[in-house]
There are 2 protein chains.
Amino acid sequence: MTASQTQGISIQGISILLVDDHPVVRQGYRRVLEHQGDFHVVAEADNAADAYRAFKAQAPDVVVMDISMPGASGLEAVRNIRSRSSATRILVFSMHSEAAQVKAAFNAGANGYVTKGSAPTELIRAIRAIVRGEQAISDDIARVLAMESLSPSHSLLDQLGEREIEILRQLAAGATTEQIAANLNLSMKTVQNYHYLIKTKTGMRTDAQLVRLAVECGLASL
Amino acid sequence: MTASQTQGISIQGISILLVDDHPVVRQGYRRVLEHQGDFHVVAEADNAADAYRAFKAQAPDVVVMDISMPGASGLEAVRNIRSRSSATRILVFSMHSEAAQVKAAFNAGANGYVTKGSAPTELIRAIRAIVRGEQAISDDIARVLAMESLSPSHSLLDQLGEREIEILRQLAAGATTEQIAANLNLSMKTVQNYHYLIKTKTGMRTDAQLVRLAVECGLASL
DNA sequence: CCCAGCTTGGGAAACTTTCCCAACAAACCC
DNA sequence: GGGTTTGTTGGGAAAGTTTCCCAAGCTGGG
């Protein structure tokens with residue numbers, strides 16, 4: 001491996017789209033990033049719509065995005081970019097460090113989440129991690145998520161409502177949408193909506209993952 | 001409850017479509033069935049196409065069908081009828097007593113399976129059971145299926161091919177179609193086809209049932 | 001009283017499932 | 001050797017499901 005290849009990325013370096021509504025912040029971080037030599041900020045945007053336009057025009061390797069911008073949601077922009085390209089790496093760069101916010105970002109398709117309170121080296125480390133295909137979070141976010149997962153009664157039985165739990169239980173037991181609708185006297189549409197809601201809330205992508213979760217939480221057995 | 005309602009069915013009785021390619025068999029069974037008083041054979045057919053036509057014209061409560069008819073498959077007719085009406089009860093009446101044949105019939109949408117070697121009372125008992133919404137099989141079929149389920153190495157690991165097992169394992173582990181396709185270097189289409197094939201072969205209707213099955217067979221753990 | 005959150009379901013686009021079929025290779029029987 | 005069966009791979013098209021958005025009704029708390 002030669003020196004020019006040590007990042008596991010082409011010698012052309014990493015192209016970056018910087019999205020933040022504060023010009024001063026963009027300028028500061030542009031300088032920090034470009035100081036890396038192989039990082040190239042190819043575009044900037046100060047709102048979600050421009051960010052999406054710039055993404056389509058430049059097809060950057062990485063989008064570094066502040067999701068707390070005025071007007072349209074930054075999460076929306078993340079979702080839009082992700083739905084158009086699964087290859088683009090998206091790093092959310094936010095001042096919020098709430099667990100729910102972080103989960104929402106990853107749910108929308110982000111590859112990493114770094115708070116603005118982090119040292120510049122953390123941002124750089126995170127960008128290098130996500131171009132390698134890894135997920136990245138800053139140290140303070142890691143601490144918040146770790147604490148949250150240790151807190152008592154966080155068994156997702158309290159993040160779901162009663163109806164959601166009942167439907168998850170029946171899904172895990174192997175019931176079809178039709179059977180659940182009949183059992184609970186609901187329309188199939190409602191059961192489908194719950195099914196989807198449960199997946200979204202728990203972050204599970206397949207029904208198989210849902211079954212595992214239900215079993216882990218003691219909702220179902222095998 | 002009055003005497004005329006003891007069957008749990010309206011006082012108009014049970015309308016039956018009789019399908020068998022042998023006229024003598026039809027005549028014999030028509031007499032046996034009508035001797036019941038509340039059973040009314042409203043139509044007969046000697047092939048799958050006529051059976052389907054008669055079913056559409058008469059909308060009988062029960063279809064008693066021999067699936068080993070010349071030409072078109074009787075199973076095909078069962079599937080057609082089932083896809084048009086989930087309320088119609090279908091009793092397969094066959095001379096075969098192989099487990100695979102029976103499973104195929106239930107898979108196609110049959111509600112019961114009685115062999116021609118059974119006593120007439122078994123046929124009548126089965127019809128009464130299926131109009132009550134139960135599933136019914138004759139005693140000899142029960143014995144065949146029971147034996148089969150006891151036979152060694154019937155863990156469905158031998159009813160599935162290697163690829164099918166690998167895909168079931170990954171599905172149960174929570175992998176998405178996309179991930180499995182990538183892991184095994186297949187197209188998503190192939191993985192989808194296997195997913196469907198596995199469901200069909202094992203008789204599972206939901207992915208949750210598939211997970212339970214995989215865990216039971218030691219393919220996956222939780 | 002109003003706001004937040006739960007429950008219920010419609011709507012519409014996107015995606016999956018279902019089932020059919022075909023090509024090809026390996027194994028298997030006659 | 002040649003035909004048959006069985007496993008693997010995937011296309012095609014209709015039917016069904018998922019995804020996401022929205023709205024209305026209800027309940028409970030500040």
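For the numbers below, each heavy atom of this structure counts, side chains included, while hydrogens, waters and symmetry mates do not.
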- In whole angstroms, the gap separating C1' of D:dG16 from NZ of B:K199 amounts to 11 Å
- Is a side-chain donor-acceptor pair under 3.5 Å present for A:T115 with A:D140? yes
- Closest non-hydrogen atoms of B:Y29 and B:S118, given as atom of the first, atom of the second and distance, are OH-O, 4.3 Å
- Write down the distance between CG (A:L197) and C1' (D:dT17), rounded to a whole number of angstrom. 16 Å
- Identify the two heavy atoms, one from B:D20 and one from B:K116, that lie closest to each other, and give their separation to 0.1 Å. OD2-NZ, 2.8 Å
- Salt bridge present between A:D207 and A:K199 (N-O < 4.0 angstrom): yes
- Query: How long is the line joining NZ of B:K201 and C1' of D:dT6, in whole Å?
  - Reply: 9 Å
- Establish, from distance only, whether the side-chain atoms of B:R82 and B:N111 form a donor-acceptor pair under 3.5 Å. yes
- Just how far, in rounded Å, is C1' of D:dC20 from CZ of A:R82? 18 Å
- Task: Tell me, yes or no, whether the heavy-atom count around A:E178 atom CD, taken from other residues, nucleotides or ligands under 6.0 Å, exceeds 12.
- Result: no
- Item | Salt bridge B:R163-B:E166, side-chain N to carboxylate O under 4.0 Å | no
- Note on the structure: B:R212 and A:G174 have their tightest heavy-atom pair at NE-N, 4.3 Å
- Message: If you compare every side-chain N and O of A:T190 against the phosphate oxygens of C:dT8 (OP1, OP2), does one of them come in below 4.0 Å?
- Response: no
- Message: Between P on D:dG11 and CG on B:L186, what's the gap in Å once rounded to a whole number?
- Response: 12 Å
- Query: Between D:dT8, C:dT17, D:dG10, which one does the side chain of B:Q192 approach most closely?
  - Reply: C:dT17
Please write out each protein N/O paired with an N/O of nucleotides 23-29 of chain C under 3.5 Å, distance rounded to 0.1 Å.
none

- Separation of C:dT17 P from B:I198 CD1 (nearest whole Å): 12 Å
- List the atom of B:R128, the atom of B:F39, and the distance in Å for their closest heavy-atom pair. NH1-CE1, 3.3 Å
- Message: Any side-chain to backbone donor/acceptor pair from A:S15 onto A:H40? Under 3.5 Å, distance only.
- Response: no
- Would you mind reading off the distance between A:H195 atom NE2 and C:dT16 atom P, rounded to a whole angstrom? 14 Å
- Task: Please state how far atom OH in A:Y194 lies from atom P in D:dC20, giving the value in whole angstrom units.
- Result: 18 Å
- When you get a sec, tell me which of C:dT7, D:dT8, D:dG10 is the closest nucleotide to the side chain of A:E164? C:dT7
- Message: Using C1' atoms of five pairs at each end, report the bend of the helix from C:dC1-D:dG30 to C:dC30-D:dG1 rounded to 10 degrees.
- Response: 30°
Distances under 3.5 Å between nitrogen or oxygen atoms of protein and nucleotides 21-30 of chain D:
none

- Note on the structure: Between the NZ atom in A:K201 and the CG atom in A:L168, the distance rounded to the nearest 0.5 Å is 11.5 Å
